[in-house]
2 protein chains.
Amino acid sequence: MESVNIKQLAKALNLSTSTVSRAFRDNSDISKETKEKILAKAKELNYQPNHYASNLREQKSKTIAVIVPELANNFFSQAIHGIERVARDKGYHILIYATEDDYEKEVSFIRHLHNGRADGIIMSVSGEANDHTYLNELSQKRLPLVFFDRVYEDIVTPRVITNDYDSSFAATQHLIKQGCKQIAYLVINKNLSIGKFRMQGYIDALAKYNIPFDDRLVVDCTNSYKKNETILKRMLLDVRPDGVFTSVERLAFATYYACYDLKISIPEDLLVIGFSSLEIAPLLNPSLTTITQPATEIGIQAANLLFKMLERPEEINPSEKIILNSKLIKRRSTERN
Amino acid sequence: MESVNIKQLAKALNLSTSTVSRAFRDNSDISKETKEKILAKAKELNYQPNHYASNLREQKSKTIAVIVPELANNFFSQAIHGIERVARDKGYHILIYATEDDYEKEVSFIRHLHNGRADGIIMSVSGEANDHTYLNELSQKRLPLVFFDRVYEDIVTPRVITNDYDSSFAATQHLIKQGCKQIAYLVINKNLSIGKFRMQGYIDALAKYNIPFDDRLVVDCTNSYKKNETILKRMLLDVRPDGVFTSVERLAFATYYACYDLKISIPEDLLVIGFSSLEIAPLLNPSLTTITQPATEIGIQAANLLFKMLERPEEINPSEKIILNSKLIKRRSTERN
DNA sequence: TTGTAAGCGTTATCAT
DNA sequence: ATGATAACGCTTACAA
């Protein structure tokens, strides 16, 4: 890159670098004339202030890092979309990191972000391990962090989550009211906060309606399509549930596929409901009853929270928690004829 | 951020900053002992070399920028996923920019990237304007650029695309062989290269089977759900096509919604085929026949191309073009009973 | 093998 | 209103 720097621009104008620099920041004293002259010449020579130099000098990067478990995922891509909008408005740049649910990667990303690359972090955690102390390094060094959706309960930092317990309760209750007695609960990571809260809602709803809790109906799934297929098919055949509640979108799809294969028809033989951010849930066969999280809004709020931390840290309560409501949208997959 | 810098680390070890610096880059001469001592202390003090200082010094950022029209989109999120994997392997960071099909934003992003923030750009263009000369500034300054999927034909730079013409031809031919005589072609931006190639495939396939081309069957859609609904419903009622070919995933969904509303049944009354990266196309009602682009692979190849440009620029032909094949996957939406 | 010192491109402080 | 200069944290000749 043979790009123009401030010195060359200054020389071309017979001015000092300080004057030129001032032209690019509004505050300082500078005559309108020279400022205009400078900006014109800058455009002509295609001058862009080098961000690395500025960042080094100013000790901030105008950049935030977003860490998510995966990118090719409706929920996260919508959330990132929300974050992007807010960040763009503020003139911030966004670095993206995907952990692929790998704890090592998560730690490594976080560690490396401590070098000034980003002014703050918005993260949905991988949840694959129990030692989150490395995160406390963040708070020591005051690199602001906001969690969204998937959080670590033992780390104190602002977060944006949804009313998972209530939604789960409502979802389970909905199945019960539709006549289900044997409701399977599909989960990927029971240890994750989200897994726990969602599961508790399920358990409590069963209890409320005096439906006995059955171990075999709580199904631990994985991130592998194939394994899930095996696990699910076995469960569907062995335990014969009349309802399935999936704590994660992907598992609802897996259930559909399994049912197609096994000629179990939804909703005649089995009712299905799931957490999902899928916009085309109405187009599924049958249309899928969902608990829909306001994914974009979650991203927006998380970003707003982070910027509040950056701009007015004193106003932020470290245990601030924004809770948004998911919506239960009833569709054919839970309709009793 | 009160983080440790190289000076403090050096002082803590009674060494010079240069020695410490050397410990973090493999090439230089340094004794194993001191190196280990340094790395140990660095870990203890949680030292991370400041990237902005390094970047400034080395004149490179180990960062690439990815510019896409939208984030909450199957195709782009899969492509970004592919890019991410490659970049991560190379130790690069990724900046994300969404143009929302706004030409101004595209220009602004590109312009601002000329300040050293990124070493290269991977972009799928917005296609909203005809003046792309600003992009030539890139090649003057040698900020490497790779296009993927949506490209500007008049800019010479490496690109990764799919065999759009062939796929379109095949899709149209498929509909014809299924008995369609009145095939609508739904497009969002006819001027975009992708729009053109895909449309040409459609036109040529019609010609091959002596089906007259009908203006009214080429439907210009927008990015607005509502407007598309109106446009589509009117077309479906007025022109009464027996087949619909959508050049973009979203328009296939729009067609489904419109058909549901109008009680037009797919595939009995209307066959539908569309470009789409939707992984759950088999779950739609009816399952959707798709031309599926290898989205993740496109991202991977685009990233590989960019890194080749960065690492061995002399080996790269500026008009290099990688063409990947999409797959026509037949499903219920184009089945004649 | 290690240390010294210059410089990457900016911006802030202090003069003028 | 403008200019000179030091400093941000790091890397790399060059010197020792």
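What you see is a predicted model, and the numbers here were worked out from it, not measured in a lab. Sequence lines set the chain letters: A, B, ... in the order given, protein chains first and strands last, and positions in each chain run from 1.
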Without decimals, in angstroms, what is the distance between A:K62 NZ and C:dT10 C1'? 16 Å

In terms of side-chain heavy atoms of B:N50, which of D:dG9, C:dG9, D:dG3 is nearest? D:dG9

Heavy atoms from C-beta onward define the side chain here; which of C:dT10, C:dG3, C:dC8 lies closest to that of B:Q59? C:dC8

Please determine whether the number of non-hydrogen atoms from other residues, nucleotides or ligands lying under 6.0 Å from atom CD of B:E33 exceeds 12. no

Decide whether A:T296 and A:R85 meet the rule of one side-chain donor and one side-chain acceptor closer than 3.5 Å. no

Is any side-chain N or O of B:T17 closer than 4.0 Å to OP1 or OP2 of D:dC10? no

Among the nucleotides C:dG3, C:dT11, D:dA1, whichever has the atom closest to the side chain of A:S31 is D:dA1

Just how large is the angle between the end axes of the helix from C:dT1-D:dA16 to C:dT16-D:dA1, five pairs per end, to 10 degrees? 40°

From CG of B:L56 over to C1' of C:dA6, roughly how many Å is that when rounded to an integer? 13 Å

Atom-to-atom span, CD1 of A:I38 to C1' of D:dA1 - whole angstrom: 11 Å

As a test of understanding, state which of B:H112, B:R111, B:E106 forms a side-chain contact (heavy atoms from CB on, under 4.5 Å) with B:S108. B:H112

So, does B:Y52 get its side chain near the phosphate of C:dT11, meaning an N or O under 4.0 Å from OP1 or OP2? no

Would you name the heavy atoms of B:L9 and B:V4 that are closest together and state the gap between them? N-CG1, 4.2 Å

Would you mind reading off the distance between B:K35 atom NZ and C:dT2 atom P, rounded to a whole angstrom? 12 Å

Can you check the A:E58 CD to C:dT13 P distance for me, whole Å? 12 Å

Please confirm whether any donor atom in the side chain of A:R57 sits under 3.5 Å from an acceptor in the base of C:dT11, or the reverse. yes

B:E315 CD: over 12 foreign heavy atoms closer than 6.0 Å: yes

Could you state the NZ-P distance from A:K7 to D:dT5, rounded to the nearest angstrom? 12 Å

Measure from the side-chain heavy atoms of B:R22 and tell me the nearest of D:dT5, D:dC14, C:dG9. D:dC14

Write down the distance between CG (A:N55) and C1' (D:dG9), rounded to a whole number of angstrom. 13 Å

At their closest point, which heavy atom of B:L113 faces which heavy atom of B:A118, and how far apart are they? CD2-CB, 4.0 Å

Using side-chain hydrogen bond (donor to acceptor under 3.5 Å, both in side chains), reason through A:H114 and B:Y47 one step at a time and then give a plain yes or no. CA-CA 8 Å; A:H114 271 87; B:Y47 167 72; over 6 Å; no

Is there a side-chain polar atom (N or O) of A:S16 under 4.0 Å from OP1 or OP2 of D:dG3? yes

Which pair of non-hydrogen atoms, one from A:V86 and one from A:N304, has the smallest distance, and what is that distance? CG1-OD1, 3.5 Å

Expressed in angstrom and rounded to an integer, what is the separation of A:R117 atom CZ from D:dG9 atom P? 17 Å

Taking the side chain of A:T34 as heavy atoms from C-beta outward, which of D:dT2, D:dG9, C:dG9 is closest to it? D:dT2

Toward the 5' end of DNA chain C, by each residue's nearest nucleotide, B:A53 or B:S18: B:S18

A:R25 side-chain proximity, nearest of D:dC10, C:dT11, D:dA1: C:dT11

Using a 4.0 Å heavy-atom cut-off, does B:S54 contact any base of the nucleic acid, only the sugar-phosphate backbone, or nothing at all? sugar-phosphate

